[in-house]
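Take a look at the structure below.
From a predicted model like this one, the values you see are computed outputs, not experimental measurements. Just so you know, ligand 1 is whichever comes first in the structure, and atom 1 is the first atom listed for that ligand.
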Amino acid sequence: MQNDDQFIASGEPKSSIEKASFTWEAPSNIALIKYWGKTEPQLPKNASLSFTLSQSKTITTVSFTKLERPYETVDFTLYFDQVKQESFRPKIATFFKRIAQYIPFIHEYSLVIHTKNTFPHSSGIASSASGMAALALCIMQLEKALNPSLSEVYFNQKASFLARLGSGSASRSIEGPLVLWGKHDRIPQSSDAYAIKIPNAIAPIFSTYKDRILLVDKGEKQVSSTVGHELMVDHPYAEARFTQANKNLSSLLDAMETGNLARFIHLVELEALSLHAMMMTSSPYFMLMKPNTLAIIHHIWQFRANTNLHLCFTLDAGANVHLLYPENETEQIDAFINDKLLSFCQNKHYICDNVGFGARQLP
Ligand code: PMV
């Protein structure tokens, strides 16, 4: 059983703060072992493992001003790209409702939130992971200012814990390069409540990995991940899937520790297709891959058979394709992508990213 009480900010703050403003940037992440299926409150049915990204990120500034009297809910105004955004309010209000019990001091402040992403809003790339992580970190920075004795370990764990309550995968957007969320036998310190940086040494080649995100479909998804997670509740293959994911996670860690690239490729692609197989066998069934997603996958398999290079793909809950490959093979792989794959992207659009090392505070 996890103990969430450890994350309730305790007692009287050690210092008093009338006004403060903090800025954090938090990266997006791409799951290698997929989280799909959860229970309340946002607890995963299996452990997941992700690469932290470096270029796709959210930058958030929160200005806190002390109120004369504590506010019943959380008093906030939200600007996205400098424009006041009423449409994002409900999601953020729900987030604050969920986390308020852990940060009681928040009721004493009025918050002005300015947020922006480094990737285009309509790219089919979800900003909830980086967005919730950046917001959680700004709040943790206020907690740290009120209580300077907080340790770095506690700070990161609680930031991940709070971000998780906003969006599950956001728990994995605090640290890097390889992050685990969910209790797993192999890593005793793992937890369903927050994500941790993988403590084992992984082969250095994985820290050089590139992620070229091919934007096959930039539109809104027909089925949200919230609905997708819910459809796992009565899914006939759910239990087998959760067992498979935990096993794949263990095998993937073996492959990453020993630098076994062939095994890495096999497991990462197996996970991507297993995730989409769950969608296609849900009731009601749905499919987020598009014809161009499949065309890209077939080209990758052919390219690998021809060259023995280590290009592989993964998918998140959408039609876009993440191409993963080590830096020392960039020249030939980039030439192949530019030549053969870009024509399958909407307006030939893609995002160049690479493995990153986590969120950071900006001055
Ligand atoms: O964090 P959510 O609820 O948006 O779910 C994310 C689900 C996947 O992106 C498909 C997998 C994952 O582990 O990130």
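Side-chain atoms of Asn338 and Arg212 form a donor-acceptor pair, as typed in the model, at a separation below 3.5 Å. Side-chain contact of Ser250 with His184: a donor-acceptor pair under 3.5 Å is absent, judged by distance alone. Remark: the Ser56 side chain and the Ser28 side chain contain no N/O donor-acceptor pair separated by less than 3.5 Å. No hydrogens or angles considered: a donor-acceptor pair under 3.5 Å links the side chains of Ser274 and Gln244. Inspection of the Asn156 and Tyr194 side chains reveals no N or O donor paired with an N or O acceptor under 3.5 Å. Side-chain contact annotation: Asn200 with Glu257, donor-acceptor N/O pair under 3.5 Å present.
Taking a heavy-atom cut-off of under 4.0 Å, ligand 1 is surrounded by Ala31, Lys34, Tyr35, Trp36, Ser167, Gly168, Ser169, Arg172, Ser225, His229, Leu275, Ala317.
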